[in-house]
Engineer: 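Below: one structure in structure tokens.
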Amino acid sequence: MKITIVTVGKLKEAYWKGAIAEYEKRLGRYCKLEILELPDEKTPDGASEALEQQIKDREGERILKAIKEEAYVLALAIEGAMPDSVELAQKLERLAVDGKSHLIFVIGGSLGLSKRVLKRADELLSFSRMTFPHQLMRVILLEQLYRSFRIQNHQPYHK
């Protein structure tokens with residue numbers, strides 16, 4: 001299975017890069033992982049709602065260009081379904097059995113995802129009703145993917 005993470009914004013801090021590298025290494029046993037970092041738009045302080053929408057739309061266009069047509073897209077959105085770790089593992093396993101060989105997870109920028117990206121997604125997925133920085137969300141997503149593969153393969157992992 002190929003998993004692509006399309007994310008808005010770059011990692012700058014070494015501690016995020018270290019965590020990502022560790023999970024990339026761990027996931028290498030289970031899938032072909034690709035992370036596509038797309039540039040974010042700078043949002044000025046006090047930006048109007050209209051300007052924020054324009055920023056989300058510009059970021060959304062970049063995201064949509066990065067999505068392969070045949071891929072199954074799971075967009076991370078606060079209003080998405082909130083499975084537990086076992087349910088996520090089962091979902092990924094079902095997708096594989098159903099022939100979905102390329103999954104794309106989308107992490108938006110600081111303003112979230114555009115309506116067009118949300119519409120393109122096959123599913124909306126949430127890890128919490130809280131908002132997290134995209135750098136941390138990337139680590140959480142990778143950890144949960146790793147946990148999912150461990151669950152699917154009946155391998156031990158911290159509970």
Engineer: Would a hydrophobic clustering, with Ile, Leu, Val, Met, Phe, Trp and Tyr connected at side-chain separations under 4.5 Å, put Ile151 with Leu95?
Structural biologist: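 In one cluster: no.
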Engineer: Of all the heavy-atom pairs spanning Pro39 and Val8, show the shortest one and how long it is.
Structural biologist: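 Minimum heavy-atom separation between Pro39 and Val8: O-CG1, 4.0 Å.
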Engineer: Do Thr4 and His102 get their side chains close enough for a donor-acceptor pair, meaning under 3.5 Å?
Structural biologist: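 Yes - a donor-acceptor pair under 3.5 Å links their side chains.
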Engineer: Hey, are Glu59 and Lys56 close enough for a salt bridge, meaning a charged N less than 4.0 Å from a carboxylate O?
Structural biologist: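 No.
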Engineer: Between OG of Ser114 and CD of Gln54, what distance do you get to the nearest 0.5 Å?
Structural biologist: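 Between Ser114 OG and Gln54 CD, I get 13.0 Å after rounding to 0.5 Å.
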Engineer: Carefully, step by step, assess Arg94 and Val97 under the rule side chain to side chain contact (heavy atoms under 4.5 Å, CB included).
Structural biologist: CA-CA 5 Å; Arg94 272 193 310 275; Val97 168; 5.6 Å; no
Engineer: Do Leu142 and Met1 belong together in a cluster built from hydrophobic side chains that touch within less than 4.5 Å?
Structural biologist: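 Result: yes, single cluster for both.
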Engineer: Distance-only, no hydrogens or angles: does the Asp98 side chain make a donor-acceptor pair with backbone N or O of Lys100 under 3.5 Å?
Structural biologist: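 Pair absent, no side-chain N/O of Asp98 close to backbone of Lys100.
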Engineer: With a 4.5 Å cut-off on side-chain heavy-atom distances among I, L, V, M, F, W and Y, is there a chain of contacts connecting Leu76 to Trp16?
Structural biologist: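 Yes, one cluster joins them.
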Engineer: Atom CD1 of Ile55 and atom CZ of Arg58: how far apart are they, to the nearest 0.5 Å?
Structural biologist: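 Answer rounded to 0.5 Å: 5.5 Å.
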Engineer: With side chains defined as the heavy atoms from C-beta onward, is the minimum distance between Arg29 and Arg150 less than 4.5 Å?
Structural biologist: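 Yes, close enough: below the 4.5 Å cut-off.
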Engineer: Without hydrogens or angle criteria, can the side chains of Glu22 and Tyr146 be said to hold a donor-acceptor pair below 3.5 Å?
Structural biologist: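 Result is no, nothing qualifies.
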Engineer: With a 3.5 Å cut-off and no angle check, do the side chains of Glu123 and Tyr72 form a donor-acceptor pair?
Structural biologist: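 Yes, side-chain donor-acceptor contact under 3.5 Å.
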Engineer: Indicate the atoms forming the closest heavy-atom contact of Pro83 with Ser126, along with that distance.
Structural biologist: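 The answer is CD-O, 4.0 Å.
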Engineer: Among Leu74, Thr7, Ile67, whose side-chain contact (heavy atoms from CB on, under 4.5 Å) with Val106 holds?
Structural biologist: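 Running side-chain contact (heavy atoms from CB on, under 4.5 Å) over Leu74, Thr7, Ile67 with Val106 returns exactly one hit, Ile67.
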Engineer: Does a salt bridge link Glu41 with Arg62, judged by any charged N lying under 4.0 Å from a carboxylate O?
Structural biologist: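 A salt bridge links Glu41 with Arg62.
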Engineer: Under the side chain to side chain contact (heavy atoms under 4.5 Å, CB included) rule, what do Leu38 and Ile63 come out as? Steps first, then yes or no, please.
Structural biologist: CA-CA 7 Å; Leu38 304 177; Ile63 291 168; 3.8 Å; yes
Engineer: Is it true that the side chains of Ser85 and Gln144 contain a donor and an acceptor less than 3.5 Å apart?
Structural biologist: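 Result is yes, a qualifying pair exists.
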Engineer: More than 12 heavy atoms of other residues, nucleotides or ligands under 6.0 Å from CD of Glu70: yes or no?
Structural biologist: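 Counting neighbours around CD of Glu70, more than 12 heavy atoms of other residues, nucleotides or ligands fall under 6.0 Å, so yes.
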Engineer: Quick one: closest heavy-atom pair of Phe132 and Met137, and the distance?
Structural biologist: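 Heavy atoms only, the tightest pair is CD1-SD, 4.1 Å.
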Engineer: Would you say that Leu51 contacts Pro44 through its side chain, given a criterion of any heavy-atom pair below 4.5 Å between the two side chains?
Structural biologist: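 They are in side-chain contact.
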Engineer: When clusters are formed by joining ILVMFWY residues with side-chain heavy atoms under 4.5 Å apart, either directly or through shared neighbours, do Leu136 and Ile20 land in the same one?
Structural biologist: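 Yes, because Leu136 and Ile20 connect within a single hydrophobic cluster, where side-chain heavy atoms sit under 4.5 Å apart.
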Engineer: Which pair of heavy atoms, one from Gly108 and one from Leu113, lies closest together, and at what distance?
Structural biologist: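 What the structure gives for the nearest pair is CA-CD2, 3.4 Å.
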Engineer: Let me see the working for Lys2 and Glu34 under side chain to side chain contact (heavy atoms under 4.5 Å, CB included), right down to the final yes or no.
Structural biologist: CA-CA 8 Å; Lys2 179 176 182 180; Glu34 173 186 34; 3.4 Å; yes
Engineer: Would you say Tyr23 and Leu36 are hydrophobically clustered, going by side-chain heavy atoms of ILVMFWY under 4.5 Å?
Structural biologist: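 No, because Tyr23 and Leu36 fall into different hydrophobic clusters, even though each may have its own neighbours under 4.5 Å.
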Engineer: Determine the minimum heavy-atom distance between Ile78 and Met130, stating which atoms define it.
Structural biologist: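 What the structure gives for the nearest pair is CD1-O, 3.9 Å.
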Engineer: How close do Cys31 and Ile3 get, counting heavy atoms only, and between which atoms?
Structural biologist: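 Scanning both residues, the minimum pair turns out to be SG-CD1, 4.0 Å.
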Engineer: Among Glu13, Glu37, Glu24, find the residue that satisfies the salt bridge (charged side-chain N to carboxylate O under 4.0 Å, His left out) test when tested with Arg138.
Structural biologist: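 When salt bridge (charged side-chain N to carboxylate O under 4.0 Å, His left out) is applied between Arg138 and each of Glu13, Glu37, Glu24, only Glu37 qualifies.
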Engineer: Would you mind checking if Glu79 and Arg129 are paired as a salt bridge, meaning a charged N to carboxylate O distance below 4.0 Å?
Structural biologist: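 Salt bridge: no.
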Engineer: Between Lys65 and Glu61, does any side-chain N to carboxylate O distance fall below 4.0 Å?
Structural biologist: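 A salt bridge is absent here (no side-chain N lies under 4.0 Å from a carboxylate O).
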Engineer: Please step through side chain to side chain contact (heavy atoms under 4.5 Å, CB included) for the pair Gln155 and Tyr30, ending with a clear verdict.
Structural biologist: CA-CA 12 Å; Gln155 297 167 326; Tyr30 303 104; 2.5 Å; yes
Engineer: Hey, are the side chains of Leu92 and Gln152 touching, using non-hydrogen atoms and a 4.5 Å cut-off?
Structural biologist: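 The answer is yes, as the side chains (C-beta and beyond) meet within the 4.5 Å cut-off.
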Engineer: Nearest 0.5 Å, what's the CD-CE distance between Glu87 and Met82?
Structural biologist: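 Between Glu87 CD and Met82 CE, I get 11.0 Å after rounding to 0.5 Å.
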Engineer: Quick check on Lys25: does its NZ atom have over 12 non-hydrogen neighbours (other residues, nucleotides or ligands) under 6.0 Å away?
Structural biologist: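 No.
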